[in-house]
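Since the model is a prediction, treat every value here as computed from it, not as a measurement.
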Amino acid sequence: MMPKSPKAFLILLLAAALLYSCSTTRSLEDGQYRLAGTKVEMEGDKKLSPREFEKYVQQKSNSYLIFGWNPFLNLYNLSGRDTSRFGNRILRKIGVAPVVYEPAAVDASVTNIKRHLEYLGYYNSKVGSSVNYDGRKVKVLYTVEPGKQYKIGKLEYSIPAGEFSDDFFADTLNVTIKPGDYLAESNLEQETVRSAEWMRRNGWFGFNKNYYSFEADTLAKKDTADLVMFIKEYTRNQSPETAQPFHKYSFGDVTVSWDKELRFSERVIRDMNTIRPGSLYDEREVRNTYSRLSALKVFSGVNIELNPRDSADVVDCSINLTPSRIQGFKVNYEASTNSSGLIGNSPQISYFHKNIFHGGQWLNLSFLGNFQFMWDNRSIQSNEFGASVGLSFPESLGLPNSLFTGPNVPRTEIKASYTFQDRPEYSRTMISASLGYAGSLSRGRFLYQIYPIQSKIVRLHDMDMDFHRQYSGNQFLFNAYMDVQSLDGGR
């Protein structure tokens, strides 16, 4: 927004110029320097972006807002070093302190970048740093020269024999490490996470990526690394003396508890729970149960505890549910005006209940109004009143929830609304109702709504004849202002 007078604009311009010219190092102590900038430059391999390594720079300079200028930095430095004055303390609270250059952070940043290069599969990389002093300002440049890469030659496995080996080798077609790929710790880490999850989906409770290790032989062939994947019965942080054979588990007892002051259907809990006593342990069923119970929105906390028994290869499951706020009101008010001079105000009040029938059924009630009038001509006015109701059930009516074994269960939605409009040109009543289903797929990445039944009724009253003559010659407007009674199905 520009100042209304040239004088005000000139004052604002002079203030900005004064602020811009203010020193950004005035608040520094003796011997300190302000870090004015850091930059990463890549040399050699162009596949890597400098941005990927900027986050590993331990100390970064102040950000800039406008053409390399940060006015909040200048404001802070206006305070100088004297913080006993009230005005200077206010300036420091409003402003942003300069980043004080720390030489040790440069060495730490070089180490961080080197480690990340090794993680990406670049070995014996060169990372340098140069510091440029300009008065009491410092700029640091990091130069990165990625090192050598090795392609994977042979890939072998060394794992415990027996049932564990059978389940592991049943998944080898999905192994993401392939001969011919570049050797990189990032890829090895990704594969151990994926493989360990596969094993946990097949009964191996407690198995995780820390049981994996690798050995690479880079001497047998030039620029090639023969790789061996080990799975040991002790983790990377343990010694061989602590080794324990892996066990395949089944689900044992499943208990569900919640505050009994909250009336809630045990049948719905059973439908949402996919953990079945006696079935093979599968981590997916634990995640699915968590997602389904959380989606009810009745519980603010869903805590699933897994407790292996000492005497048997069985995992007992304890599900603890913490109730959330079940019901409440929402009030909204909007005021508006338009170029024709109409002044409008729109109040709305809504009520929600997330457990109306004690089984995770949602009720939403809403009442709204929209009132418009001319300030200098109160005879010109438009009023609108409306109400809507919605019911949502955590099930697909007509279909048992046992058909839906994933993390999401479709909800059945019933909606109805009534609106009455009273305008100078006409009065109109609109009634609508619908029944449909809503849910999500692919763990919430895709949302869908299907309404096989929809009905709508529109009735016009007290039509002004002049208004009727204006739109009667326009087919589009004629269709918009006519009685409607429709029932749509199969959509």
Review point. Thr192 and Phe214: side-chain contact (heavy atoms from CB on, under 4.5 Å), yes or no, with the steps?
Key: CA-CA 10 Å; Thr192 60; Phe214 296 88; 3.6 Å; yes
Practice item. Tell me, with the steps shown, if Asp171 and Arg194 meet side-chain contact (heavy atoms from CB on, under 4.5 Å). Key: CA-CA 10 Å; Asp171 182 52; Arg194 188 209 63 80; 2.8 Å; yes
Practice item. Verify salt bridge (charged side-chain N to carboxylate O under 4.0 Å, His left out) between Arg287 and Glu197, making sure each step is shown before the conclusion. Key: CA-CA 12 Å; Arg287 292 200 300 260; Glu197 182 180 356; 3.1 Å; yes
Exercise for review: Show your working on side-chain contact (heavy atoms from CB on, under 4.5 Å) between Leu368 and Thr419 and close with a plain yes or no.
Suggested key: CA-CA 9 Å; Leu368 60 88; Thr419 303; 6.0 Å; no
Practice item. Begin from the C-alpha positions of Lys354 and Ser324 and carry the test side-chain contact (heavy atoms from CB on, under 4.5 Å) through to its verdict. Key: CA-CA 9 Å; Lys354 295 186 289 187; Ser324 67; 3.3 Å; yes
Review point. Does the ring-ring contact (aromatic ring centres under 6.0 Å, His included) test come out yes or no for Tyr56 and Tyr119, once each step is laid out?
Key: CA-CA 13 Å; Tyr56 295 98; Tyr119 184 72; 9.0 Å; no
Review point. Are Glu191 and Thr176 close enough, and set up right, to give a side-chain hydrogen bond (donor to acceptor under 3.5 Å, both in side chains), and what steps lead you there?
Key: CA-CA 6 Å; Glu191 171 56 26; Thr176 57; 2.7 Å; yes
Exercise for review: Evaluate side-chain hydrogen bond (donor to acceptor under 3.5 Å, both in side chains) for Thr429 paired with Arg459, printing each intermediate quantity in order.
Suggested key: CA-CA 5 Å; Thr429 300; Arg459 288 287 182 266; over 6 Å; no
Practice item. List the steps, then state whether side-chain hydrogen bond (donor to acceptor under 3.5 Å, both in side chains) holds for Ser432 with Ser417. Key: CA-CA 5 Å; Ser432 67; Ser417 66; 2.6 Å; yes
Practice item. In sequence, state the C-alpha distance, the side-chain angles, and the governing distance for Gln348 and Ser366, and then conclude on side-chain hydrogen bond (donor to acceptor under 3.5 Å, both in side chains). Key: CA-CA 7 Å; Gln348 180 178 358; Ser366 182; 3.0 Å; yes
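Counting heavy-atom neighbours within 6.0 Å of Arg115 CZ, excluding the residue itself, gives a total of 12 or less. Heavy-atom contacts from other residues, nucleotides or ligands closer than 6.0 Å to NZ of Lys60 number more than 12. Within 6.0 Å of the CZ atom in Arg51, the count of heavy atoms belonging to other residues, nucleotides or ligands does not exceed 12.
With hydrogens and angles left out, the side-chain atoms of His116 and Glu52 include a donor and acceptor closer than 3.5 Å. Inspection of the Asn320 and Trp258 side chains reveals no N or O donor paired with an N or O acceptor under 3.5 Å. Checked by atom type, the side-chain pair Glu41/Tyr142 shows no donor-acceptor distance below 3.5 Å.
Residues His358 and Phe264 fail the side-chain proximity criterion, which asks for heavy atoms closer than 4.5 Å. Put simply, the side chain of Gln149 does not reach to within 4.5 Å of the side chain of Leu183, judged on heavy atoms. At a threshold of 4.5 Å between non-hydrogen side-chain atoms, the residues Glu233 and Tyr211 do not count as touching. Using a 4.5 Å heavy-atom threshold, the side chains of Val315 and Asn307 count as separate. Between Arg325 and Ser300, every side-chain heavy-atom pair lies at or beyond the 4.5 Å cut-off. Looking at heavy atoms from C-beta onward, Leu391 lies out of side-chain contact with Glu413 at the 4.5 angstrom threshold.
At least one donor-acceptor pair closer than 3.5 Å links the side chain of Arg292 to the backbone N or O of Gly406.
Of all heavy-atom pairs spanning Asn345 and Pro347, the tightest one is O-CD, 3.7 Å. Minimum interatomic distance between Ser440 and Tyr448 (heavy atoms only, all atoms of both residues): N-CE2, 3.5 Å. Closest approach of Ala295 to Trp362, counting heavy atoms only: O-CZ2, 3.5 Å. For the pair Ile177 and Leu155, the tightest heavy-atom approach, listed with the atom from each and the gap, is O-CD2, 3.5 Å.
With respect to Arg267 and Glu395, a salt bridge is recorded, a charged nitrogen being found less than 4.0 Å from a carboxylate O. A salt bridge links Arg309 with Asp253: the distance from a Lys NZ or Arg NE/NH1/NH2 to an Asp or Glu carboxylate oxygen falls below 4.0 Å. One finds no salt bridge joining Arg428 and Glu384 here, because no Lys/Arg side-chain nitrogen approaches an Asp/Glu carboxylate oxygen to under 4.0 Å.
Exactly one residue among Phe205, Phe207, Tyr249, Trp204 makes a ring pair (Phe, Tyr, Trp, His ring centres under 6.0 Å) with Tyr281. That residue is Phe205. Of the residues Asn288, Thr274, Thr289, the one that meets the side chain to side chain contact (heavy atoms under 4.5 Å, CB included) test with Pro407 is Asn288. Among Phe246, Phe169, Tyr212, the one residue that satisfies the side chain to side chain contact (heavy atoms under 4.5 Å, CB included) test with Ile159 is Phe169.
Aromatic ring centres of Phe168 and Tyr157: separated by under 6.0 Å. Side-chain rings of Phe367 and Tyr418 stay apart, their centers remaining 6.0 Å or farther from each other.
In this structure, Lys248 is not positioned above the aromatic face of Phe164 in the sense of NZ or CZ being under 6.0 Å from the six-membered ring centre and within 45° of the axis.
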